[in-house]
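Just the heavy atoms: all of them, side chains too, but no hydrogens, waters or symmetry mates, feed the values below.
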Amino acid sequence: MTKVKTKITPDTILKNFWKDNKRFADLFNACFFDGNPKLNPDDLTEVDTDVSSLLQFHGYAETVKRIVDVVKKSAYGVDFVILGIENQSKIHYAMPLRHMRKSVGRSSFPN
């Protein structure tokens with residue numbers, strides 16, 4: 001029996017899985033709204049996963065480069081909500097802090 005080689009990465013599989021609007025909405029409804037269907041899959045639109053930005057404050061400027069696995073937006077009346085998923089294969093309890101730190105700029109926390 002010949003061994004078949006594959007070049008499939010778990011990250012790509014998970015990105016494709018969560019791009020489905022129904023799955024995406026189910027996850028956020030379960031986590032944030034106690035299972036109540038507040039987020040409608042039909043209202044979700046895919047957004048560019050590059051959420052890099054320029055931070056400027058009192059003469060200081062810094063660019064922050066962030067690419068998220070899956071990003072979607074939804075409109076609630078006149079407000080837009082941006083929702084994102086970052087896949088992980090192992091538990092890393094500091095990951096939310098690392099992402100928040102990178103999103104707002106400089107910090108003294110180590111990577």
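Under the side chain to side chain contact (heavy atoms under 4.5 Å, CB included) criterion, Asn16 pairs with Thr12, Lys19, sequence neighbours left out. Remark: Ile91 pairs with Tyr93 by the side chain to side chain contact (heavy atoms under 4.5 Å, CB included) rule, at least two apart or across chains. With sequence neighbours left out, Asp50 forms a salt bridge (charged side-chain N to carboxylate O under 4.0 Å, His left out) with no residue at all. Every residue meeting the ring-ring contact (aromatic ring centres under 6.0 Å, His included) condition with Phe32, not counting sequence neighbours, appears here in chain and number order: Phe28. Taking the salt bridge (charged side-chain N to carboxylate O under 4.0 Å, His left out) definition, one finds that Lys15 meets it with Asp11, Asp69, sequence neighbours left out. The salt bridge (charged side-chain N to carboxylate O under 4.0 Å, His left out) check on Asp20 picks up nothing, with sequence neighbours excluded.
Side chain of Asn29 to main chain of Leu39: a donor-acceptor pair is present (N/O by atom type, distance under 3.5 Å, no hydrogens or angles).
With values rounded to the nearest 0.5 angstrom, Leu27 atom CG is found 12.0 Å from Lys22 atom NZ. Note that OG1 of Thr45 is 8.5 Å distant from NZ of Lys72, once rounded to the nearest 0.5 Å.
Annotation for Ile85 and Asn87: closest pair CG2-OD1, 3.7 Å, computed over non-hydrogen atoms. Counting all heavy atoms, side chain and backbone alike, Arg23 lies closest to Trp18 at O-CZ3, 3.4 Å. Minimum heavy-atom separation, Ala61 to Gln56: CB-CG, 4.0 Å.
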